[in-house]
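In this chain, numbering begins with 1 at the start of the sequence shown. Nothing here was measured: the structure is a model prediction, and the numbers come from that model.
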Amino acid sequence: MPPLALDDLYRVAVPSDPHVRPDGRAVAYTLTTADRDTDGNRTEIWLAAPGAEPRRLAAGSAARWSPDGRTLAFLRPVDGRPQIHLLPMDGGEPVALTVAVLGAGTPAWSPDGSRVAFAAPVGPAEDGGAAPPHTPVVADRLDFKADGAGLLRGLTRHLFVTDVATGETVQVTGGDFHAGEPSWSPDGLRLAFVADMHADRDLEIAGTAYAVDAAKGGVPEALTGPELLCGGVWWLGERLFLAGLQGAPIGHTRLYELGPDGVAEVETGLDRNVMIGAPGYPGGVPAPLGDDLLFCARDGGSTHLYRAPGERLVPGEVNISGLSVAAGAVAYVAATPYSAGDVYLLTPTQKPLSTASPEKVAPGDMSDISGAPAPDISRLTSYALEGVELFEARRRTFTAPDGTRVEGFVLRDEAATAPGPLLLDVHGGPHNAWSPVFDGVHLYHQVLAARGWTVLTVNPRASDGYGEEFYTASLGNWGLSDAQDLLAAVDALVAEGVADPGRLAVTGYSYGGYMSCWLSATTDRFRAAIPGGCVSDLAALSGTSDLGHLMKVHEYAGDLAAQSPLTHVGEVTAPTLLLHGEDDDRCPVGQAEQWFAALRERRVPVRMVRYPGASHLFILSGRPSHRYDYNERIIAWLEQWVSGSPS
């Protein structure tokens, strides 16, 4: 079979957000594909069930079942703004439920199915809606913009409740704060949500769980105190669970339950970060299974499904996203080394599965190496690319000069024997992690492997999935403690005869873009560098990024000049390609401009590519043409400056 080609971007189908029907026999999910004709991302609602072919239901996303399973609420744009629609499952056509709000968020059904709650933007009171784009922007705090949304112009996000029968909509929260996603109390009287109402919330990281009357609103009641930085709250059955951190604002997210005696931590049995499904990250909202609690956590680069405390339910190399439970059935999406994602339906066994580390279980193997029975797992979809041979990344462990052991993944044609060119790709975050699964985003990995390259991805200090001490090991020490982990892995592959020391290159996005600049400025190992969404000047980033101040205080606090690549730019000799979104508010494009100007002045070969209208996450969900171009330019730059005869 032929290897993957960049045109396969338009064949990659990625399921997400699975929700199991109340009877546990079918799953509704969102399927995202790239549309070449419209240069947009097509999202559709599909239905899958054991023993049946998946079928398309409607264009849209974020499908949620009514409690009786007879109706799906979902989002579909109306005049460019997402609105909630209702799709009767008896064969009727979708009908818009919301029409007036500035853009509805994910629908949440009341327990009796009579109402739907959601979050939506609210304009300044004096404007009665969104401010015109020419209106002056007045800022009294640092939170006046957000990546992906741009200048907020006074918009806040609040909770609404719509009556399904009449369409009457009531706003139940209001004020100078943003309300998080709503969760209904079991009696249908209140909505729980997370918000930060602190006056200095732009200067301090905080989050409190609140409850508000679902019928008439009013002053929200605080459910938690300042000791818990709350990131999510859900009524799961009769119990109220929270996700958050106690103490320092940078660390592992943990699960808590709010009971009569206050907040108590849920014992997960793991020194691992609980993943609740933030944008751009795997994981899913915790879910109850009888008296048990299911949750997702990252371990060793992969995101797994667990039943507390610490029982892993799905073996193999997987990245799980989305989690839904009904009638004893568990729906989730899992990416594997062979697929960007498929929908599964699982019925857990009573006997725990092995808690062996992921590398000891064969990819896709549903048996348990300890001899315990495998769970009843049905794969409901098949979205692997047909007719394409994918190279599989192999786990490796490397040792940094100070003795720290770090994990990485080596992707290459294993038939290759001679030392060849190597690309070091650094992940973002920095508290993210590479995984050995096929992600459908970094297509250049597969293309390069087919052309004789080795692609090395490493999870250095600060990466998620290796314990909280490792997670926080680079706080205030960017470029100093983490760089040695990356270089040790490169040096190991050179010593083994896998990589040609004269044909090494480095790339990465966001924090990976920072490290691409840093490594090209502080070492002469690399013949080419490709920073994406780069960071070159930490001091400037602190005042221009939408999260700049908070990052400076809690993440890279230290000697900003010494830790900024720009301070060391005079040492750069590697030809550099800069790839940056024009509307990136997380790592503003000025970071790339500074690096570009500094290299051009020194006549180092450099090229800057800016993607109009693209925010920070455009490489994940931006225009297909931009994503294609991003991959294509990386390959072309490496072939121009690195590929060739061995050194």
Side-chain angles (χ1 to χ4, degrees), residues 2-14 32-42 280 335 337 339-341 383-385 388-393 409 411-413 421-428 432 434-457 505-510 512-513 516 528-534 575-582 584 587 592 607-643:
L4 180 141
L6 288 188
D7 275 346
D8 287 320
L9 181 147
Y10 295 98
R11 297 176 57 216
V12 173
V14 183
T32 302
T33 54
D35 189 314
R36 191 192 299 267
D37 293 335
T38 64
D39 196 19
N41 298 304
R42 182 191 299 117
S339 170
Y383 290 119
L385 287 174
V388 171
E389 181 181 5
L390 296 177
F391 297 98
E392 185 177 344
F409 306 95
L411 183 79
R412 69 194 303 257
D413 183 348
L422 177 142
L423 175 66
L424 170 66
D425 201 339
V426 188
H427 67 64
N432 208 332
W434 287 112
S435 172
V437 305
F438 175 64
D439 62 11
V441 173
H442 304 88
L443 300 183
Y444 58 89
H445 287 182
Q446 292 285 332
V447 175
L448 289 171
R451 299 186 184 185
W453 282 72
T454 294
V455 178
L456 172 64
T457 53
V506 62
T507 189
Y509 193 82
S510 193
S516 299
I530 308 175
C534 84
T576 299
L577 171 66
L578 292 151
L579 304 171
H580 217 105
E582 190 73 38
D584 189 338
C587 301
R607 176 175 296 162
M608 179 170 60
V609 181
R610 302 160 72 129
Y611 295 91
S615 64
H616 190 60
L617 295 182
F618 85 93
I619 65 167
L620 300 180
S621 56
R623 288 180 177 272
S625 63
H626 286 173
R627 292 186 279 131
Y628 187 105
D629 187 87
Y630 187 95
N631 280 267
E632 186 176 45
R633 288 184 185 277
I634 288 176
I635 296 166
W637 194 259
L638 294 175
E639 290 186 331
Q640 177 182 354
W641 294 103
V642 181
S643 291

On a heavy-atom basis, which atom in [X] and which in [Y] lie closest, and how many Å separate them?
| X | Y | result |
| --- | --- | --- |
| S516 | G508 | OG-N, 3.2 Å |
| P421 | G452 | CD-O, 3.8 Å |
| A340 | A335 | O-CB, 3.5 Å |
| G40 | P624 | O-CG, 3.4 Å |
| N432 | G280 | ND2-O, 4.4 Å |

Using the side-chain hydrogen bond (donor to acceptor under 3.5 Å, both in side chains) rule, take H442 and D425 through it: C-alpha gap first, then chi angles, then the decisive distance, then the call. CA-CA 10 Å; H442 304 88; D425 201 339; 5.0 Å; no
Can you find a pair of side-chain heavy atoms, one from [X] and one from [Y], that are under 4.5 Å apart?
| X | Y | answer |
| --- | --- | --- |
| Q446 | V388 | no |
| E392 | P436 | no |
| S435 | F409 | no |
| L638 | T507 | no |
| L443 | L4 | yes |
| D37 | R42 | no |
| P337 | L390 | no |
| Y628 | D7 | yes |

Walk me through whether L411 and L448 qualify under side chain to side chain contact (heavy atoms under 4.5 Å, CB included). CA-CA 9 Å; L411 183 79; L448 289 171; over 6 Å; no
Do any N or O atoms from the side chain of [X] and from the backbone of [Y] form a donor-acceptor pair under 3.5 angstrom?
| X | Y | value |
| --- | --- | --- |
| Y444 | Y630 | no |
| S339 | G341 | yes |
| H580 | C587 | yes |
| D8 | A5 | yes |
| R627 | G622 | yes |
| W637 | P575 | yes |

Do F438 and H445 have ring centres separated by under 6.0 Å? no
Taking ring pair (Phe, Tyr, Trp, His ring centres under 6.0 Å) as the definition, give me every residue that meets it alongside Y611, ordered by chain and number, with sequence neighbours left out. F618, H626
Point-to-point distance, once rounded to the nearest 0.5 Å, from [atom1] of [X] to [atom2] of [Y]:
| X | Y | atom1 | atom2 | value |
| --- | --- | --- | --- | --- |
| D584 | S510 | CG | OG | 7.5 Å |
| L577 | M608 | CG | CE | 11.0 Å |
| Y509 | L620 | OH | CG | 8.0 Å |

Begin from the C-alpha positions of V609 and D629 and carry the test side chain to side chain contact (heavy atoms under 4.5 Å, CB included) through to its verdict. CA-CA 10 Å; V609 181; D629 187 87; 4.2 Å; yes
Are more than 12 heavy atoms from other residues, nucleotides or ligands located less than 6.0 Å from atom CZ of R607? no
May I have the step-by-step check of side-chain hydrogen bond (donor to acceptor under 3.5 Å, both in side chains) for T32 and N41, ending in yes or no? CA-CA 7 Å; T32 302; N41 298 304; over 6 Å; no
F391 vs D413, test: side chain to side chain contact (heavy atoms under 4.5 Å, CB included). Steps then yes/no. CA-CA 7 Å; F391 297 98; D413 183 348; 3.7 Å; yes
